[in-house]
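Heads up: the structure comes next, in structure tokens.
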Amino acid sequence: MSITEMAKTAKPNIAFIGLGNMGAPMAQNLLKAGYPLSVYDLSTEATKRLKEAGARVAPSPQQAIADAQIVMSMLPAGEHVHSVYLGNGETEGILAQLPKGALVIDSSTIAAQGARLVADAATKQGVDFLDAPVSGGTSGAIAGTLTFIVGGTDEAFGRAKPILEAMGKNIFHAGDHGAGQVAKICNNMLLGILMAGTAEAINLGVKNGLDPKVLSDIMLQSSGRNWTLEVYNPYPHVMESVPSSKNYEGGFMSKLMQKDLDLAMHTAQQVDARVPLGNKATELYTKHAIANADKDFSSIMTIYNS
Ligand code: NAD
């Protein structure tokens, strides 16, 4: 193979920022697929695993992106995304440092408006930006089977696709900047409603003397079937590998579900869409997250059975 051909097939350097429950396994899958990776997280504990897996750990976001053509981020919320890319008054954002032609893929779940703000700033300096939130949870992140829901230009989507395929199974182009975030919060509003509804139904059966596993199996083969019954049962020990059987540790934190429901309610207000069930789920999760912020969102079960 000639040097030019080798250069064409060489994998681009990727900088990955935010190595929490989701970001760490996603970054590990990029390493497994052969992408040279530099990583940054505020927590040194979080970077340890990636160092062991072969990533270069950078001491700052600026140093993480120094040789990168692609930047990926998986951060908790909009404020973190804005501070990393645009700066926060004290520190300069990394966007200003990126060369023309770089591609930024943000997979955090944030407001569509917030994603468009970063996209506009990126476009002004010739950097491509994609909002690419994910669905599939920590198990999907580990298995490399996430669903990516992408907003941005066709060209940027085409560039990102092979990279996203190293971490996911279904890669959707939802539309222009922000469209990925809108589709994602529609999905998560439905998930919040389904999780609370499933917990409520199981509790009703158990209070009437039914075995939670037997009831779950029945509903799984009946018209109440949904994703939570299939792979994420909220009742302890119906499924052994899910957070409900591990004291609701790991997974998708209740405070993140509350954040997504708040985003959905905000988005609904902007276009005057009616969301009575979304409102009720937001109310339940807001109350629940006061004492259970870091517990998996399936711990909503405990508002019924404790
Ligand atoms: P997490 O809290 O486990 O991880 C976030 C990481 O970002 C942490 O390691 C934190 O130290 C780091 N961080 C925060 N601010 C930073 C900064 N300024 N610079 C560098 N690192 C910083 O969260 P998570 O569960 O991995 O979720 C990340 C995003 O993915 C959220 O937007 C969430 O809504 C979304 N999401 C999560 C799940 C899930 O099941 N956990 C599923 C789908 C989508």
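Counting starts at 1 for both ligands and their atoms, following the listed order. Because the structure is a prediction, the values reported are computed rather than measured.
- A donor-acceptor pair under 3.5 Å is absent between the side-chain atoms of Lys11 and the main chain of Pro36, judged by distance alone.
- For the pair Asn226 (side chain) and Gly224 (backbone), a donor-acceptor distance under 3.5 Å is present.
- Here the shortest heavy-atom distance to atom 25 (O) of ligand 1, taken over Leu256, Val39, Leu19, Leu75, belongs to Leu256.
- Using modelled atom types and a 3.5 Å distance limit, the side chains of Ser299 and His288 yield a donor-acceptor pair.
- Within 6.0 Å of the CG atom in Asp120, the count of heavy atoms belonging to other residues, nucleotides or ligands exceeds 12.
- More than 12 heavy-atom neighbours from other residues, nucleotides or ligands sit within 6.0 angstrom of CD on Gln270.
- For ligand 1, the polar-atom distance check finds no N/O of Ala46 at less than 3.5 Å from any of the ligand's N/O atoms.
- Less than 4.0 angstrom separates some heavy atom of Tyr40 from each of these atoms of ligand 1: 19 (N), 20 (C).
- When heavy-atom distances to ligand 1 are checked against a 4.0 Å cut-off, Ile110 has no atom that comes that close, whether in backbone or side chain.
- With Lys259 contributing its side chain and Pro76 its backbone, the two residues share a donor-acceptor pair below 3.5 Å.
- At the top of the distance list for atom 12 (C) of ligand 1, counting protein heavy atoms only, stands Asp41 OD2, 3.3 Å.
- Ligand-side atoms of ligand 1 in range of Lys259: 31 (C), 32 (O), 33 (C), 34 (O), range being under 4.0 angstrom from any heavy atom.
- Both the sub-6.0 Å distance and the 45° axial angle are not jointly satisfied by Lys295 relative to the ring of Tyr248.
- Looking only at protein heavy atoms, the nearest one to atom 43 (C) of ligand 1 is Val134 O, 3.5 Å.
- Looking only at heavy atoms of the protein, atom 21 (N) of ligand 1 is closest to Leu42 N, 3.4 Å.
- Among protein heavy atoms, the minimum distance from atom 4 (O) of ligand 1 is reached at Gly20 CA, 3.2 Å.
- Of the polar atoms of Met22, at least one N or O is found under 3.5 Å from an N or O of ligand 1, judged by distance alone.
- Polar contact with ligand 1: absent for His80 (N/O pair, distance under 3.5 Å).
- Looking at Ser244 and Tyr232, their side chains never bring a donor and an acceptor atom within 3.5 Å of each other.
- Of the heavy atoms in Lys184, only side-chain atoms (C-beta onward) come closer than 4.0 Å to ligand 1.
- For the atom pair CG (Leu261) and CG (Asn279), the distance works out to 10.0 Å, reported to the nearest 0.5 Å.
- Residue, atom and distance of the protein heavy atom nearest to atom 41 (N) of ligand 1 are Gly251 O, 3.2 Å.
- Close contacts between ligand 1 and Ser108 involve ligand atoms 32 (O) [criterion: under 4.0 Å to a heavy atom].
- The closest protein non-hydrogen atom to atom 40 (O) of ligand 1 is Phe252 CB, 3.2 Å.
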